[in-house]
Amino acid sequence: MKKSKKVGSAILGLLMGASLFSTGAFGQAPDSNETFRVMIEGPSAEMAKAKQNVGVRWDFGTEGFTTTINTKQYEALLNNKNLKIERVPEVHLDRVENVPNGKVGATAITSLPDDRTPWGIQAIYNDPYITSTSGGTGIKIAVLDTGVYINHYDLVGNGEQCKDFTQSSSSMVNGTCTDRNGHGTHVAGTANAHGASDGLGVYGVAPQAKLWAYKVLNDQGSGYSDDIAGAIRHAADEAVRTGSKVVISMSLGSSGKDTMIASAVDYAYSKGTLIVAAAGNSGYADNTIGYPGALKNAVAVAALENVQQNGTYRVANYSSRGNSATDGDYMIQERDVEISAPGSNIQSTWYDGNYNTISGTSMATPHVSGLAAKIWSSNLSWTNTQLRAELQRRAKLYDIKGGYGAATGDDYASGFGFARVK
């Protein structure tokens, strides 16, 4: 992803490759030197033999395991008719840049932020005059993305964990989470930036929260769904190990449901974490919400834009919509938008130490992740389900005639509405 990249969808799309290799790419015989990331499933005894022969990257227990194999190894595995072999979906980064009035514009790299509290921060705090933010003490925000520049002026000191899940030599490497893309650092800043100490930096929603920076995509914004699933499970296990309250923030998604990621989200939710994910940028038609945001155990976030900078907010046209048939049922089901937050023209931290302004549900998601951390830090006895209910309670439904008012509701575009600090 480069700063001049063509407009995309502002989420990370899982592009499904061929599920089996018997015909190779485009019906041709596969290259004998080519390697593939695969998921192998089958009876426990048969999988154990396969593990000895080809090794393991991620072991998902009875659900199967992933590994990297070459054509010769694949052909050998085909002899075991009890094994199911599928290619692990690849992940590619696509993102909306600036979209004022729905048009693409150049991103704005600046050496100093235009405002220490960008409009999204002012909006979620419901205070146009706010000059700093606070909250999040005792909470961890796990950002699963392209990595994070944790030594950015406005993030330094907040990074408690820094891990890379994209290395070819290991499923996880501690102590490194380098972001050469920018997307992950931008997301982290919106959730967690502390404004620096000299009065010149930018603030995120919950600056006292600790940051777990998990790199699940490489520098080009590509990766594998098993690495994402592994990182989700690792964050959940770390929450249990350390006795921490953890918000998992994922500004990534796919139009299709990936079983490894879906199972990992269910696992993490059962361990007490709150999972927040982008709704996607395939709007504005009905039923365009992406996964994992569309999962029942994830909070799907829609993107708002500030109309003419006058404090009137509306769901951006690019923001994916849920299922209109469930409008007004006051329940979150699969493929439902849950919460709305600022997503268009959001300025935040960048991987080179500067600041950038970009747009998308990717940018809306960390506003909600930060808000969740801020609320949870003041209610440490709450479970993740209680926290989720509070986010819904604080949300106000969009009223097309007059902006956000006091009314609550539930619709397919904005979910329960815009949840704010006050």
Side-chain angles (χ1 to χ4, degrees), residues 115-143 148 154-155 157-161 186-196 201-213 235 239 242-251 272-278 298-302 304 313 338-343 346-349 363-396 404 415-422:
D115 191 335
R116 298 197 73 198
T117 53
W119 83 264
I121 301 299
Q122 295 171 7
I124 206 163
Y125 269 79
N126 200 18
D127 183 355
Y129 304 107
I130 190 171
T131 58
S132 64
T133 61
S134 63
T137 300
I139 310 301
K140 324 294 183 182
I141 302 176
V143 173
V148 177
D154 297 339
L155 293 170
N158 278 0
E160 188 172 83
Q161 291 191 8
H186 195 280
V187 166
T190 296
N192 190 230
H194 52 56
V202 71
Y203 278 97
V205 182
Q208 275 81 54
K210 290 299 181 183
L211 174 64
W212 290 2
T242 61
S244 301
K245 303 287 189 180
V246 176
V247 178
I248 298 175
S249 186
M250 292 189 288
S251 292
T273 70
L274 184 75
I275 300 97
V276 183
V299 176
V301 184
L304 300 176
Y313 314 116
E338 188 161 344
I339 299 292
S340 304
I346 302 300
Q347 189 171 57
S348 186
T349 48
M363 287 60 256
T365 300
H367 282 92
V368 176
S369 301
L371 176 62
K374 181 176 175 65
I375 295 171
W376 217 353
S377 68
S378 298
N379 301 276
L380 290 173
S381 65
W382 281 4
T383 64
N384 57 344
T385 56
Q386 289 174 307
L387 174 62
R388 187 174 186 179
E390 177 65 12
L391 286 172
Q392 295 175 5
R393 187 193 70 79
R394 293 187 183 212
K396 304 300 180 217
Y404 279 83
F416 287 100
F418 185 7
R420 295 191 271 193
V421 171
K422 59 181 180 179

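Numbers for residues simply follow the sequence, beginning at 1.
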Requested in this report: State which residues pass side-chain hydrogen bond (donor to acceptor under 3.5 Å, both in side chains) with Ser377; sequence neighbours excluded, sorted by chain then number.
Outcome: none
Requested in this report: Of all the heavy-atom pairs spanning Ala395 and Ile339, show the shortest one and how long it is.
Outcome: CB-CD1, 4.1 Å
Query - Which residues share a side-chain hydrogen bond (donor to acceptor under 3.5 Å, both in side chains) with Thr385, sequence neighbours left out - result: Thr383
Query raised in the report: Would a 4.5 Å heavy-atom cut-off, applied to side chains only, mark Val202 and Pro118 as touching?
Result: yes
Query - With Ala209 via side-chain contact (heavy atoms from CB on, under 4.5 Å) - residues at least two apart - result: Ile141, Asn192, Ala206, Ala373
Report task. Hey, could you give me each pair passing salt bridge (Lys or Arg N to Asp or Glu O under 4.0 Å) that has a residue in residues 380-391? Not counting sequence neighbours. Result -> Glu338-Arg388, Glu390-Arg393, Glu390-Arg394
Sequence neighbours excluded and cut-off under 3.5 Å, please list the side-chain donor-acceptor pairs for residues 132-139, or say none.
residue, atom, partner, partner atom, Å
Thr133, OG1, Gly204, O, 2.6

Report task. Could you grab the distance from atom CD of Gln386 to atom OG of Ser381, nearest 0.5 Å is fine? Result -> 6.5 Å
Query raised in the report: Once you round to the nearest 0.5 Å, how far does OG1 of Thr365 lie from CE of Met250?
Result: 9.5 Å
Query raised in the report: What residues form a side-chain hydrogen bond (donor to acceptor under 3.5 Å, both in side chains) with Asp154, not counting sequence neighbours?
Result: Tyr355
**Report entry** Where at least one partner belongs to residues 117-136, residue pairs that pass salt bridge (Lys or Arg N to Asp or Glu O under 4.0 Å), sequence neighbours excluded
**Finding:** none
Query raised in the report: Taking all non-hydrogen atoms of both residues, which atom of Ser251 and which atom of Val187 are closest, and how far apart?
Result: OG-CG2, 3.7 Å
Report task. Would you mind reporting whether Thr117 and Tyr129 have side-chain heavy atoms less than 4.5 Å apart? Result -> no
Query raised in the report: Which residues pass the side-chain contact (heavy atoms from CB on, under 4.5 Å) test with Ala372, sequence neighbours left out?
Result: Val247, Leu274, Leu387, Leu391
Requested in this report: Classify the ring geometry between Phe418 and Tyr313 as parallel (under 30°), tilted (30 to 60°) or perpendicular (over 60°).
Outcome: perpendicular
Query raised in the report: Taking only residues two or more places apart in sequence or in another chain, which ones pass salt bridge (Lys or Arg N to Asp or Glu O under 4.0 Å) with Glu160?
Result: Lys140
**Report entry** Minimal non-hydrogen separation, Pro207 against His194, with atom names
**Finding:** CB-CA, 3.7 Å
Requested in this report: Could you list the residues that satisfy side-chain contact (heavy atoms from CB on, under 4.5 Å) with Thr273, not counting sequence neighbours?
Outcome: Ala236, Ala239, Val246, Ile248, Ala268, Ile275
Report summary line: Residues Trp376 and Lys245: closest non-hydrogen pair is CZ2-CD, 3.5 Å
Report task. Quick one: pull up CD1 in Ile124 and NZ in Lys422 and give me the separation to the nearest 0.5 Å. Result -> 13.0 Å
Query raised in the report: Okay, side chain of His367, backbone of Val301: is any donor-acceptor separation there less than 3.5 Å?
Result: no
Report task. Please report the closest heavy-atom contact between Ile375 and Trp382, naming both atoms and the distance. Result -> CG2-CZ3, 3.7 Å
Query - Spacing of Leu211 atom CG and Ser249 atom OG [to the nearest 0.5 Å] - result: 10.0 Å
Query - Min side-chain heavy-atom separation Gln122-Asp115 under 4.5 Å - result: yes
Query - Least distance between heavy atoms, Lys374 atom then Val421 atom - result: CE-CG1, 3.7 Å
